[in-house]
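Worksheet: one structure, shown below.
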Amino acid sequence: MNFAGHSVDYPSMLAYESLVGSSLQSLIKIDTKNILIVDDVESIFKLNCNVVRKGDNGFLDNFQEEVEIKNKIWDGMSLLDESYFTDGKGMKLLRNHMFKSCAFNCKVQQWFQDNCPRNINYDEWQVKNMFNESIYVKDVHLIITPSSLKALKFAHVVTEKQEKLERQKDMWNYWRAIVEAEGNIFGVCKSEKQSKHGKYQQTSYQMINSLPAGNDDIQILADYEKEYIKDLKNNDDFFIEHIGKYVNEVNSNQMWVDIYNQNKRIVNTNLFRKFRTEEIHKHANHVRKGKIRLTGDYAVLCGNPIELLKFSIGCFDVNSTKSTLKMNEIYTTLFKEGKELVCFRNPHTSPSNVFVARNIRNTEIQKYINLTDNIVCVNTIRYPLPDILNGCDFDSDTMLI
């Protein structure tokens with residue numbers, strides 16, 4: 001579309017324009033003078049993959065080929081100083097004009113203090129942003145990349161400059177002026193939280209069908225549900241507790257709970273026995289559809305946060321710097337260290353989307369990133385995690401662990 005004499009991607013503009021209309025949980029004030037914007041970095045590497053394409057016969061087929069993989073390491077995420085997290089949360093999904101970023105709870109200022117060069121006074125230490133502008137590290141509260149600031153994609157609308165970086169610099173200053181004029185207020189759309197199912201999470205038939213599981217494996221996976229159904233049949237209190245979880249305005253659950261609390265002998269009536277049989281049958285059919293519960297929860301993905309801190313002070317090179325997490329390593333407090341964990345992300349379509357991870361403890365992540373059980377640090381450097389998890393990024397995407 002032609003807009004003010006410029007060609008723009010109109011559908012994208014409308015999508016980003018709606019960001020300011022999102023429902024909010026709360027508001028937070030972040031002065032744009034305290035934002036450090038650094039370049040996005042891609043990890044590019046070769047990998048043998050299963051490639052689906054047409055064969056010589058004209059039909060789709062599967063081929064083993066070496067292909068080039070590109071991962072944008074910090075796509076949609078940012079790091080916000082812990083002083084802004086007075087609620088104990090580990091992340092805040094921030095929104096503003098043409099801006100969307102998942103800001104993780106990080107000891108930003110502590111990191112800078114601990115990594116200040118010995119020959120420089122901390123209060124005088126400056127770093128460069130992506131536009132080669134200097135900013136005092138003592139003033140940095142939020143570290144973002146261009147993937148969070150969607151306005152940069154439309155930089156040509158506000159300037160006639162030919163160089164892309166110069167156009168983006170003008171848009172950066174234009175965006176800052178608008179945000180400052182409105183009081184530097186950012187909306188918080190959501191934070192991480194525990195699932196309503198507690199420590200047990202429900203699978204889907206797609207997840208079960210994509211596992212290399214035989215009959216014996218399914219028996220093991222269904223252990224919890226088998227015991228649960230046995231308790232529904234034989235434990236009156238357990239059954240009443242079960243139907244109490246699913247009370248609504250159109251079923252009779254609350255009535256049965258109230259009667260049972262007054263007179264437990266109701267369980268001996270034909271009417272209650274019929275109701276109980278139907279409820280157990282309904283739950284068993286639900287389980288047969290692949291809805292079995294396993295120990296775990298959903299966690300928000302945070303990609304290589306320590307590397308973003310290092311990059312902000314010029315101490316990270318994607319091709320040579322040793323990363324804190326390697327290959328399929330993850331860091332989550334949801335499970336104990338050393339556990340091998342199976343992870344899924346919706347939509348889940350094939351065995352290729354099953355991510356088998358190894359949970360480790362890393363002293364740097366532990367020291368500078370304030371994690372909760374529902375946040376997981378993952379690695380995309382020389383590892384195809386976004387491809388395994390169906391094109392995930394880090395603007396509050398979650399995976400089931």
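As a basis for the values below, the full set of heavy atoms in this structure was taken, side chains included, without hydrogen atoms, waters or symmetry mates. Predicted model only: the values in this text are computed from it and were never measured.
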Exercise. When rounded to the nearest 0.5 angstrom, what distance separates CG in L36 from CG in D139?
Worked result: 11.0 Å
Exercise. Roughly how far, to the nearest 0.5 Å, is the CZ atom of F275 from the CD1 atom of I243?
Worked result: 4.5 Å
Distance under 6.0 Å and angle within 45° of ring axis: [X] vs [Y]:
X	Y	result
R53	F63	yes
R361	Y331	yes
K138	Y136	yes

Exercise. Ion pair present between R276 and D236, side-chain N to carboxylate O less than 4.0 angstrom?
Worked result: yes
For this session: Please work out whether the ring planes of H348 and F344 are parallel, tilted or perpendicular, with thresholds of 30° and 60°.
Result: perpendicular
Is a donor from one side chain sitting under 3.5 angstrom from an acceptor on the other, for [X] and [Y]?
X	Y	value
N50	Q64	yes
Q254	D258	yes
H242	E279	no
T332	N359	no

State whether the side chain of [X] and the backbone N or O of [Y] hold a donor-acceptor pair below 3.5 Å, judged by distance alone.
X	Y	value
E225	R293	yes
N251	V247	no
K190	Q25	no
T145	D39	no

Seminar exercise, completed: Hits for side-chain contact (heavy atoms from CB on, under 4.5 Å) against T295, two or more places apart or cross-chain, chain-then-number order -> Y200, F335
For this session: Determine, stepwise, if the pair K128 / S134 fulfils side-chain hydrogen bond (donor to acceptor under 3.5 Å, both in side chains).
Result: CA-CA 5 Å; K128 300 282 188 179; S134 296; 3.1 Å; yes
